[in-house]
**Student:** 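Here it is, the structure, as structure tokens.
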Amino acid sequence: MTELLSIADRAARSPAKVLITGESGVGKDVVAHFIHKQSPRKTAPFVAVNCAGLTETLLESELFGHVKGSFTGAYRDKRGKMQLAHRGTLFLDEVGEMSLRMQALLLRFLENGEIQAVGSDSPQSRVDVRVVAATNRNLTEHVAAGHFREDLLYRLRVIHLHVPPLRE
């Protein structure tokens, strides 16, 4: 754990994306908060999104926002979590649960930083966020099985931190 925190501390000073892996309940979210609080972005927002807790369409709206009238119940424009995290950290918890379609949308965002809200005809803005993702899944196995995009894994795993099981 001391080595993990040392690496996390060094990672915090970098703008690189971080992938945190480990079993459920080991504190991946605590490590993500630690990275944010040690980073130059610590005064900006830390915005967490549980990717497993939302349906695909709701996750897209939560991350990218939506425009008024884009779907039933969209009575006003809504900024997404990515915009809310501008200049801060976006924590994508359980990123391994995303559908392939959502993975493609996330990959596009990671490549150019552009946000296109649900129902919008064109990208609305660019945001500057540090992405920290976490999963309890073995994403390499999921890539081999065709359930996770290899190019997205490559983008997210710039720095890889593995939190050991509590029994260890």
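Positions are given from 1 along the sequence.
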**Student:** Between Ala12 and Pro40, which heavy-atom pair has the shortest distance, and what is it?
**Tutor:** O-CD, 3.5 Å
**Student:** Measure the spacing between CG of Leu152 and CG of Leu139 and express it to the nearest 0.5 Å.
**Tutor:** 8.5 Å
**Student:** When clusters are formed by joining ILVMFWY residues with side-chain heavy atoms under 4.5 Å apart, either directly or through shared neighbours, do Leu58 and Val95 land in the same one?
**Tutor:** yes
**Student:** Would you compute the distance between atom CD of Glu62 and atom CG of Asn50 and round it to the nearest 0.5 angstrom?
**Tutor:** 11.0 Å
**Student:** If you look at every heavy atom in Phe64 and Leu105, which pair is closest and at what distance?
**Tutor:** CZ-O, 3.8 Å
**Student:** Counting distance only, does the side-chain N/O of Arg155 pair as donor-acceptor with the main-chain N or O of Leu110 below 3.5 Å?
**Tutor:** no
**Student:** Quick one: closest heavy-atom pair of His36 and Ala44, and the distance?
**Tutor:** NE2-O, 3.1 Å
**Student:** Are Leu84 and Leu92 connected, step by step, through hydrophobic side chains (Ile, Leu, Val, Met, Phe, Trp, Tyr) whose heavy atoms are closer than 4.5 Å?
**Tutor:** yes
**Student:** Can you confirm whether Glu56 is buried at CD, in the sense that more than 12 heavy atoms of other residues, nucleotides or ligands lie under 6.0 Å from that atom?
**Tutor:** yes
**Student:** Any idea which heavy atoms bring Ala134 and Phe91 closest together, and the distance?
**Tutor:** CB-CE1, 3.6 Å
**Student:** Looking at Glu94 and Arg137, is there a salt bridge between them, counting it only when a charged N and a carboxylate O are closer than 4.0 Å?
**Tutor:** no
**Student:** Is there a side-chain contact between Ile159 and Lys17 (heavy atoms, below 4.5 Å)?
**Tutor:** no
**Student:** Once you round to the nearest 0.5 Å, how far does CZ of Phe34 lie from CG of Leu4?
**Tutor:** 9.0 Å
**Student:** Does any part of the side chain of Asp93, heavy atoms only, come nearer than 4.5 Å to the side chain of Cys51, both counted from C-beta?
**Tutor:** no
**Student:** Where is the tightest heavy-atom contact between Leu63 and Met102, given as atom of each residue plus distance?
**Tutor:** CD1-CE, 3.8 Å
**Student:** Which atom names give the shortest non-hydrogen contact between Ala16 and Val158, and what distance separates them?
**Tutor:** CB-CG1, 3.5 Å
**Student:** Any side-chain heavy atom of Ser125 sitting closer than 4.5 Å to one from Gln83?
**Tutor:** yes
**Student:** Report yes if some heavy atom in the side chain of His86 is under 4.5 Å from a heavy atom in the side chain of Arg79; otherwise report no.
**Tutor:** no
**Student:** Does Asp9 pair with Lys37 as a salt bridge, N-O distance under 4.0 Å?
**Tutor:** no
**Student:** Would you please test Asn112 and Arg126 for side-chain contact (heavy atoms from CB on, under 4.5 Å) and show each step?
**Tutor:** CA-CA 8 Å; Asn112 61 23; Arg126 289 180 156 257; 4.1 Å; yes
**Student:** Side chain to side chain donor-acceptor pair (under 3.5 Å), that's the test. Do Ser6 and Arg10 meet it? Break it down for me.
**Tutor:** CA-CA 6 Å; Ser6 174; Arg10 286 195 313 267; 3.2 Å; yes
**Student:** According to a 4.5 Å side-chain heavy-atom criterion applied to Ile, Leu, Val, Met, Phe, Trp and Tyr, with indirect links allowed, do Phe46 and Val163 form part of one hydrophobic cluster?
**Tutor:** yes
**Student:** Does CD belonging to Glu3 count more than 12 external heavy atoms closer than 6.0 Å?
**Tutor:** no
**Student:** So does Val127 get a backbone contact from the side chain of Glu114, meaning a donor-acceptor N/O pair under 3.5 Å?
**Tutor:** no
**Student:** Can you tell if the side chain of Leu54 reaches within under 4.5 Å of the side chain of Val49, non-hydrogen atoms only?
**Tutor:** yes
**Student:** How far does CD1 of Ile115 sit from NZ of Lys81, to the nearest 0.5 angstrom?
**Tutor:** 13.0 Å
**Student:** Applying side-chain contact (heavy atoms from CB on, under 4.5 Å) to Phe109 and Val129, what does each step give before you reach the verdict?
**Tutor:** CA-CA 10 Å; Phe109 166 74; Val129 297; 3.6 Å; yes
**Student:** Supply the atom-to-atom distance His142 NE2 to Glu150 CD, rounded to the nearest 0.5 angstrom.
**Tutor:** 14.5 Å
**Student:** Could you point out which residue of Leu161, Val132, Asn136 forms a side chain to side chain contact (heavy atoms under 4.5 Å, CB included) with Lys28?
**Tutor:** Asn136
**Student:** Just so I know, are the side chains of Val30 and His33 near enough to count as touching, which here means a heavy-atom distance under 4.5 Å?
**Tutor:** no
**Student:** Do Thr57 and Arg101 come close enough that some side-chain heavy atom pair is under 4.5 Å?
**Tutor:** no
**Student:** Mind running side-chain contact (heavy atoms from CB on, under 4.5 Å) on Ile7 and His160 for me, showing each step along the way?
**Tutor:** CA-CA 9 Å; Ile7 295 168; His160 180 208; over 6 Å; no
**Student:** Can you tell if the side chain of Val31 reaches within under 4.5 Å of the side chain of Val26, non-hydrogen atoms only?
**Tutor:** no
**Student:** Which value, rounded to the nearest 0.5 Å, describes the distance between Arg130 atom CZ and Ile35 atom CD1?
**Tutor:** 6.0 Å
**Student:** Name the one of Leu156, Leu107, Leu106 that satisfies side chain to side chain contact (heavy atoms under 4.5 Å, CB included) with Arg149?
**Tutor:** Leu107
**Student:** Check the hydrophobic clustering (I, L, V, M, F, W, Y; side-chain heavy atoms under 4.5 Å; chains of links allowed) and say if Val18 and Met98 are grouped together.
**Tutor:** no
**Student:** Decide whether Ile20 and Val131 are clustered together by the hydrophobic rule: side chain heavy atoms of Ile, Leu, Val, Met, Phe, Trp, Tyr closer than 4.5 Å, transitively.
**Tutor:** no
